[in-house]
Number of protein chains: 2
Amino acid sequence: MKNRNFLFGDDEGTCDIKVIHEESINRAKDALLDEDTYVELSETFKLFGNPTRLKILTLLAVEDLCVCDICEALAMSQSAVSHQLKTLRAKNLVKYTKEGKQARYSLADKHVIEILKIGIEHVLE
Amino acid sequence: MKNRNFLFGDDEGTCDIKVIHEESINRAKDALLDEDTYVELSETFKLFGNPTRLKILTLLAVEDLCVCDICEALAMSQSAVSHQLKTLRAKNLVKYTKEGKQARYSLADKHVIEILKIGIEHVLE
DNA sequence: TGTACATATGAACATATTATCATATAACGA
DNA sequence: TCGTTATATGATAATATGTTCATATGTACA
């Protein structure tokens, strides 16, 4: 089973690394969220991890825009922009309404601007 | 099929769609930051776009921990954790102090917890 | 109708990311 | 010194990502 060492704590057997600060580990582990939550969270943050999407979000923070407006503003292809809008939609960061031939996009979530602001604060320090 | 521009030859491959809302485009474009800032920003946000790193940040939000504590808490290899800590260090999200053989890691930036909180709010809605 | 316009999307390719493996470094005790 | 422990890191392979190309869908208007 386990090797027991009263001075330095239990050895975990399968893991070859000694547990050094068991109390701290337990407190920290209690704060961990569900695996599913972390996957969801990471997928959402991943959307902020790309310059093109950050630019789109910046634009939409100022003005609701249709797809071709965004293409024009960023000098990017319609396809590239449309694909990115799709991924942003999938995680509820943007929404759109159909207006005739056009699709008018806007931010879907108040958190988007908050996250952008804090991120900018961080990198500008 | 592709439109051809007889004055300037083939278009630049960017966007041959007509400008629909020029005023809006100009206002939105004014809000855009430097390209370099977006690259920096995206690299920082990218760090939040991975479940392992999110877990590490959660742990460090509660307790300063050494590398093997984190390995233990996440049941992950020392190498994987160490690599992720390196990337987190590179963007100033965590810092560490050497204590003998160990390296005690902690959050380096107050923004980390704020960003985590807002992200969690978003996904839990 | 037919045609141009606005957007969406599947496939494919190049690049980026992440965990693993093997190994290096560095501190400590015997 | 040697051996053990704690951490760091280069190389690699599997997977994910982002743009382009080609094409599909849907709308408006002559």
Side-chain angles (χ1 to χ4, degrees), chain A residues 3 5 7-9 11-12 15-21 25 38-39 42-43 45-56 65-72 74-91 94-105, chain B residues 1-4 10-21 25 38-39 42-43 45-56 65-72 74-91 94-105:
Chain A
N3 292 330
N5 179 319
L7 279 178
F8 301 110
D11 184 273
E12 281 299 313
C15 184
D16 54 351
I17 291 178
K18 296 283 195 307
V19 175
I20 306 290
H21 309 103
I25 293 175
Y38 279 114
V39 171
S42 68
E43 286 174 355
F45 279 127
K46 217 170 275 185
L47 297 178
F48 291 85
N50 170 278
T52 296
R53 286 192 296 263
L54 288 176
K55 289 174 198 169
I56 292 175
L65 294 171
C66 70
V67 179
C68 60
D69 291 341
I70 299 171
C71 296
E72 171 70 17
L74 301 184
M76 290 187 61
S77 75
Q78 180 271 320
S79 181
V81 169
S82 204
H83 276 296
Q84 294 297 11
L85 286 170
K86 181 179 184 162
T87 70
L88 290 170
R89 250 161 37 214
K91 287 289 163 188
V94 307
K95 61 182 194 291
Y96 75 105
T97 55
K98 264 295 203 179
E99 292 185 0
K101 283 182 289 188
Q102 299 174 34
R104 175 169 296 265
Y105 278 81
Chain B
M1 77 198 76
K2 268 251 165 89
N3 291 331
R4 186 168 286 263
D10 288 334
D11 68 39
E12 301 289 300
T14 53
C15 189
D16 52 2
I17 290 176
K18 299 277 194 309
V19 175
I20 305 291
H21 310 103
I25 294 175
Y38 279 115
V39 172
S42 67
E43 286 174 355
F45 279 127
K46 214 170 278 184
L47 297 178
F48 290 86
N50 170 279
T52 296
R53 286 191 297 261
L54 288 175
K55 289 174 198 169
I56 292 174
L65 295 170
C66 70
V67 178
C68 59
D69 291 340
I70 299 171
C71 297
E72 171 69 18
L74 301 184
M76 290 187 62
S77 74
Q78 179 270 320
S79 181
V81 169
S82 205
H83 275 295
Q84 295 296 11
L85 287 170
K86 181 180 182 162
T87 71
L88 290 170
R89 247 161 40 213
K91 287 290 163 189
V94 307
K95 61 183 192 292
Y96 75 104
T97 55
K98 263 296 205 178
E99 292 186 359
K101 281 182 290 186
Q102 299 174 34
R104 174 168 297 263
Y105 278 81

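Just so it is clear: chains get the letters A, B, ... in the order the sequence lines come, proteins before strands, and each one is counted from 1.
- Distance CD (A:Gln84) to P (D:dT17): 11 Å, rounded to an integer number of Å.
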Q.
Please evaluate residues A:Gln84 and A:Ile70 with respect to the criterion side-chain contact (heavy atoms from CB on, under 4.5 Å), reporting the C-alpha separation (whole Å), side-chain torsions for both, the decisive distance (0.1 Å), and the verdict.
A. CA-CA 11 Å; A:Gln84 294 297 11; A:Ile70 299 171; over 6 Å; no
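- In this structure, B:Asn50 atom CG and D:dT15 atom P are separated by 16 Å, rounded to whole Å.
- Between B:Ser77 and C:dA19, a side-chain N or O to OP1/OP2 separation shorter than 4.0 Å is absent.
- Relative to the side chain of B:Arg53, the nucleotides D:dT19, C:dT18, D:dT9 differ in distance, and C:dT18 lies closest.
- If you measure from atom NE2 of A:His83 to atom P of C:dA11, you get 11 Å, rounded to the nearest angstrom.
- Atom NE2 of B:His21 and atom C1' of C:dC5 are 14 Å apart (whole Å).
- For A:Tyr105 and C:dA8, the shortest distance from a side-chain N or O to OP1 or OP2 is below 4.0 Å.
- Taking only side-chain nitrogens and oxygens, A:Ser82 never comes nearer than 4.0 Å to OP1 or OP2 of C:dT7.
- Computed from coordinates, the B:Leu74 CG to C:dA19 P distance equals 11 Å when rounded to whole Å.
- With the nearest nucleotide of DNA chain D identified for both A:Thr87 and A:Lys101, A:Thr87 has the one nearer the 5' end.
- Residue order along DNA chain C, read from the 5' end via each residue's closest nucleotide, puts A:Cys66 first among A:Lys46 and A:Cys66.
- Two rings, from B:Phe45 and A:Phe45, have their centers 6.0 Å or more apart.
- At a threshold of 4.0 angstrom between heavy atoms, the contacts of B:Arg104 with the nucleic acid are absent.
- The side chain of B:Arg89 places no N or O atom within less than 4.0 Å of a non-bridging phosphate oxygen (OP1 or OP2) of D:dT7.
- Judged by distance alone with a 3.5 Å cut-off, a donor-acceptor contact links the side chain of A:Gln78 to the base of C:dA8.
- Of the candidate nucleotides D:dT7, C:dT18, C:dA6, D:dT7 has the atom lying nearest to any side-chain atom of B:Gln102.
- Nearest-nucleotide positions on DNA chain D place B:Ala103 closer to the 5' end than the other of A:Ala80 and B:Ala103.
- Considering every non-hydrogen atom in both A:Lys46 and B:Gly49, the closest pair reads CE-O, 2.9 Å.
- For C:dT9, the base has a donor-acceptor partner in the side chain of A:Ser79 [N/O atoms by modelled type, under 3.5 angstrom].
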Q: Please test B:Ser79 against B:His83 for side-chain contact (heavy atoms from CB on, under 4.5 Å), starting from the C-alpha separation and ending with a verdict.
A: CA-CA 6 Å; B:Ser79 181; B:His83 275 295; 3.5 Å; yes
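- Per the geometry, NZ belonging to A:Lys86 stands 16 Å off C1' belonging to D:dT20, to the nearest Å.
- Between the C1' atom of C:dA8 and the CG atom of A:Leu88 lies a distance of 15 Å, rounded to the nearest Å.
- Here the closest non-hydrogen pair linking B:Leu88 and B:Leu47 is CD2-CB, 4.2 Å.
- Between the CE atom of B:Met76 and the P atom of C:dC21 there is a distance of 12 Å, rounded to whole Å.
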